[in-house]
There are 2 protein chains.
Amino acid sequence: MTTAAHRPATLEDVARLAGVSRSTASRVIAGTGFASPYARERVTTAVERLGYVPNPAARALVRGVGVRLVVAVAGASAAVLDCPYVHQVVGSAARVCTPAGVGVALHWLPLGQPGELDQLARDRSVCGVVLVNTTNELLDAIPRSLQGRVVSIGVGSSAVPSFDVDNAAGAGEVLRHLYATGRRRIAMVTGPQWLPCSRRPVDAYRGLMRQAGLPERILPGDFSAARGRSAAGEALRRWPDVDAIYAISDETAFGVIAALRDEGVRVPGDVAVAGFDDIPLAAMTAPALTTASHPVGRIATAAAIAVLDGRPAAPVTLFPSALVARASA
Amino acid sequence: MTTAAHRPATLEDVARLAGVSRSTASRVIAGTGFASPYARERVTTAVERLGYVPNPAARALVRGVGVRLVVAVAGASAAVLDCPYVHQVVGSAARVCTPAGVGVALHWLPLGQPGELDQLARDRSVCGVVLVNTTNELLDAIPRSLQGRVVSIGVGSSAVPSFDVDNAAGAGEVLRHLYATGRRRIAMVTGPQWLPCSRRPVDAYRGLMRQAGLPERILPGDFSAARGRSAAGEALRRWPDVDAIYAISDETAFGVIAALRDEGVRVPGDVAVAGFDDIPLAAMTAPALTTASHPVGRIATAAAIAVLDGRPAAPVTLFPSALVARASA
DNA sequence: GCTTGTGGTGGTAGCGCTCTCAGGTGTGCG
DNA sequence: CGCACACCTGAGAGCGCTACCACCACAAGC
């Protein structure tokens, strides 16, 4: 490790110091093609002496591969880019991409404007796209030139592999737990209507309710605590006999609990509450929240790796979600 | 908007279609130098017809500027890259960088190995660095070639502008609130010792305790809920008469409250608890958490913009932190 | 007339890297 | 010996873009 030169070393510098040609140095560094042990050794010591770091931009330019992975989030406004879930996806992606010399970008895909994807497809610096909050409209609009470089966190399609938590199973476990502990008048606070991936837990809820011969009680939400709070108030008004509320996210569940507390309803005494995600704080509150695990980091990591690798991924990869039974239900 | 061609359009294609030279097309698109209104119009329509998107890698290569902004996090292990705080910084940075065609990378800087920064300085694809969890050791090791392209979230130095929340003020407000509501035996759970930016709230605590003639009661923590939980247990053992615990983060505060509840101590009846950050859930729990606001997103955004702009930023930019008085204190 | 701009243009040299290709050395084999 | 077939090397052609420079037309000023 030498002192930092004013001008960073280039491959040319390395080759000169090692007494070989640029080609040979390139071959040694990239690990492609033949190189004698002698040349290999001279080049590697030269790299160390100069503190050489390859320039990904140049490499990308000549190889024709991108230097950026785009996390594209569909939503009504650009504000969707500010939510913790998106941040976590970006953070996990960045962690995976950095060693590969790839940067991460964050794009908003306005609902109803699937043409935005064309723009990404034509940007040669984009090596791949991770879709978040996928809509069917979006899946239908994937440009051919982008195929094989797109994955979806949430629902996918024949052309777009999907990575997601097995929230049908997780929701099922939680709902069966509610049923097993004697709850029969179970309401659910869902996610946004337009979001296909919030439908799977709803389907699980509907299926189980029908199977058990129980009435469906569904309220729309948006994953937020504030919406959970208002939805719970409405639930109490519409169904005074409700004895359990299942929320699509832990945030929502905390909002629900706050509303119930405001109304003097005991949790879990009068109404049991369960969430989804198992965020760290779920274990800390009073009552501690019953929920199902949601390995967002692992999902995002797998999605980013799939894009980076470029190998065709399985059409659907589901990550297990397990019941975490605590005090609230 | 045309159908996506298999081969994305290049500047050459645009120039040919517009009937001008590459130079002229480049000038129009980049908005530099002269161009007649006629040429300008022909080029812009050609760009639209072809759906041309410039290749940032090529642009970066020739301009000699980087295509990646690095969020560099110091810590004992690479696990620091997985915390929500870091994710939020990366997410906010990505939001700022994307329109500029810059990607975001996430690096771990192992404690005690300041040479890692040299690596970043020599990477020509790096346009700047945002330091997180800055240490003095790190600040002393900033390579000259990186100066003007580094900012720090947390403490800075003469060479590194810093962006941070005014946590001294925030901590002061919270502590004065505790004092004003009659608390006198106030303990504090801090952050990691090696982290300079966790020292400022501690200094505020010490200053106020000394000023009020009260004893200092400090316990080390690490921002986590788990550590807050164990620290609170220790606080009760060491100082049975404690009547308030101030935690360096909301997560920690929730851990503290959980421990107190386990011990049968009432909050805020017996012991008041306050945190720092004002995370969304702070308003939802029972009791709702008294805390001070912490605009992480705004801080990270400002830091990223400062790096991207490259203009010398103010040595220190502090974002205000305000008391949010709720039930827990 | 000639200079001296001023607005506009195209040619061309790279930025740093990879990759193909032609051309070396050796070895083994008929 | 000739030939094939390793292994190994360096020259050179770009990837797509910008920046520098030379150039041209035209107008204004001595």
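Quick caveat, the model's predicted, so the values are computed rather than measured. A, B, ... follow the sequence lines: proteins, then strands. Residue 1 opens every chain.
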- [ ] Between B:Y38 and A:I29, name the one whose nearest nucleotide on DNA chain C is closer to the 5' end.
- [x] B:Y38
TODO: By nearest nucleotide on DNA chain C, pick out whichever of B:R27 and A:N55 is the more 5' one.
DONE: B:R27
Can you check the [X] [atom1] to [N] [atom2] distance for me, whole Å?
X     : N      : atom1 : atom2 : answer
B:E41 : C:dG8  : CD    : P     : 15 Å
B:E12 : C:dG11 : CD    : C1'   : 13 Å
B:R40 : C:dG8  : CZ    : C1'   : 11 Å
A:R16 : D:dG10 : CZ    : C1'   : 16 Å
A:R22 : C:dG14 : CZ    : C1'   : 12 Å
B:L61 : C:dT18 : CG    : P     : 12 Å

Which part of the nucleic acid does [X] contact within heavy-atom distance under 4.0 Å: base, sugar-phosphate only, or nothing?
X     : value
B:A60 : nothing
B:A39 : sugar-phosphate
B:A57 : nothing
A:S36 : sugar-phosphate
B:Y52 : sugar-phosphate

Checking [Y] against [X]: is there a side-chain donor and acceptor pair closer than 3.5 Å?
X      : Y      : answer
B:S21  : B:T24  : yes
A:R27  : A:T32  : no
A:S125 : A:D123 : yes

As a test of reading the structure: which of [options] is closest to the side chain of [X], going by heavy atoms?
X      : options                : answer
B:S23  : C:dT18, C:dT12, D:dC15 : C:dT12
B:R59  : C:dT9, D:dT18, D:dT9   : D:dT18
A:P37  : D:dC17, C:dG8, D:dC8   : D:dC8
B:R124 : D:dC7, C:dG16, C:dT18  : C:dG16
B:F34  : D:dC17, C:dG8, C:dT18  : C:dG8
B:P54  : C:dG10, D:dC17, C:dT18 : D:dC17

TODO: Identify the residue among A:V71, A:I142, A:V70 that makes a side chain to side chain contact (heavy atoms under 4.5 Å, CB included) with A:L131.
DONE: A:I142
Open item on the list: Using side-chain heavy atoms (C-beta onward) and a distance below 4.5 Å, is A:P56 in contact with B:R124?
Closed with: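 No; the side chains remain at least 4.5 Å from each other.
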Task: Phosphate OP1/OP2 of D:dT18 contacted by B:S26 side-chain N/O (<4.0 Å) - done: yes
